[in-house]
Amino acid sequence: MSTIKDRLTNIWNELGNAHLVAVAKFHSTERIQEAYDAGQRIFGESRVQELAQKVDKLPTDIEWHFIGTLQRNKVKYIAPYIHTVHSIDRGSLLTELERQCERQGRTAPPIRVFLQLHISGEETKHGFSHEELMDFLEKYPIHELKHTHIVGLMGMAEYTDDAAVIEQQFEALHSTLMELQKSYFRDDPLFCELSMGMSHDYPLALKHGATYVRIGTDIFGPREY
Ligand SMILES: *Cc1c(COP(=O)(O)O)cnc(C)c1O
């Protein structure tokens, strides 16, 4: 039977220059520690409470990434220590992150954030529509952020076996990134990241320019609870 280390090694070998977010939601701290001992340092969680319970039990040099739907009233719990948030889908979340960092005197570097775009046809997925994104970029003071920094775009492709559909959605996200690099983020070289690809579709995401892939099941197996 393959170990967490074997599975991580297989994925690391496919990454090129991209980064791996090991998605640990519903997995125990023991399994996360096992991945850490194998050399993995970036871990992703999608629920605030679960994350808070794990953080204190694990090494302090872990880079914690929040990847799930974030409620505004829970932002305060992650603001002091979160490294990256992949799931900013409205301006009010950014405003609240800024406010909590200020109130709590965050001294760590600015939180890196991704704007999540709705790239699949599925109603249930979150994210800005293209129109909402343009409206946000037009109105929000994106270059005056103090405690956060917008580093790129995140998206989830449709859950389907049709590779052409998935590739089309990833490529659309890639071209939106390039478009914004020439417009709203012209003077910001840090705006260059693409967070896309999960266990079932990450090779396609890498093919279309992903710089972060978020993988859970392929590392840890089926979720435990
Ligand atoms: C759970 C989750 C993942 C990882 O999914 P797997 O299929 O287990 O690899 C990636 N991104 C987000 C936003 C998730 O919620």
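This one's a predicted model, so the numbers in the text were calculated from it and none came from an experiment. Just follow the structure's listing: the first ligand is 1, and inside any ligand the first atom is 1.
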A.B. asks: Can you confirm whether Val85 sits close enough to Thr148 that some side-chain heavy atom of one is under 4.5 Å from a side-chain heavy atom of the other?
C.D. replies: no
A.B. asks: Return the closest protein heavy atom for atom 8 (O) of ligand 1 as residue, atom name and distance.
C.D. replies: Thr217 OG1, 2.6 Å
A.B. asks: Sequence neighbours left out, what pairs pass ring-ring contact (aromatic ring centres under 6.0 Å, His included) with at least one residue falling in residues 151-181?
C.D. replies: Tyr159-His200
A.B. asks: May I ask you to list the atoms of ligand 1 that are less than 4.0 angstrom from any heavy atom of Gly216?
C.D. replies: 4 (C), 6 (P), 8 (O), 9 (O)
A.B. asks: Measuring from non-hydrogen atoms of Ile67 to any atom of ligand 1, is the shortest distance under 4.0 Å?
C.D. replies: yes
A.B. asks: Apply side chain to side chain contact (heavy atoms under 4.5 Å, CB included) to Arg47 and Lys25, showing your working.
C.D. replies: CA-CA 8 Å; Arg47 296 192 309 178; Lys25 65 183 183 207; over 6 Å; no
A.B. asks: How far is atom 4 (C) of ligand 1 from the closest protein heavy atom, and which atom is that?
C.D. replies: Arg214 O, 3.6 Å
A.B. asks: Starting from atom 5 (O) of ligand 1, which protein heavy atom do you reach first, and at what distance in Å?
C.D. replies: Met198 CE, 3.4 Å
A.B. asks: Students should be able to answer this: which protein heavy-atom is nearest to atom 9 (O) of ligand 1, and at what distance?
C.D. replies: Ser199 OG, 2.5 Å
A.B. asks: Checking contacts here: is it the side chain or the backbone of Lys25 that comes within 4.0 Å of ligand 1, counting heavy atoms only? Could be both or neither.
C.D. replies: side chain
A.B. asks: Check whether the side chains of Asp6 and Thr3 place a donor and an acceptor atom closer than 3.5 Å, and report yes or no.
C.D. replies: yes
A.B. asks: Taking only distance into account, with no hydrogens and no angle test, what donor-acceptor pairs under 3.5 Å do side-chain atoms of residues 67-78 form with protein atoms, sequence neighbours excluded?
C.D. replies:
{"residue": "Gln71", "atom": "OE1", "partner": "Lys74", "partner atom": "NZ", "Å": "3.3"}
{"residue": "Lys76", "atom": "NZ", "partner": "Asn73", "partner atom": "O", "Å": "3.0"}

A.B. asks: Considering the heavy atoms of Ile215, write down every atom of ligand 1 situated less than 4.0 Å from one of them.
C.D. replies: 9 (O)
A.B. asks: Considering only NZ, NE, NH1 and NH2 on the basic side and carboxylate oxygens on the acidic side, decide whether Glu102 and Arg99 come within less than 4.0 Å.
C.D. replies: no
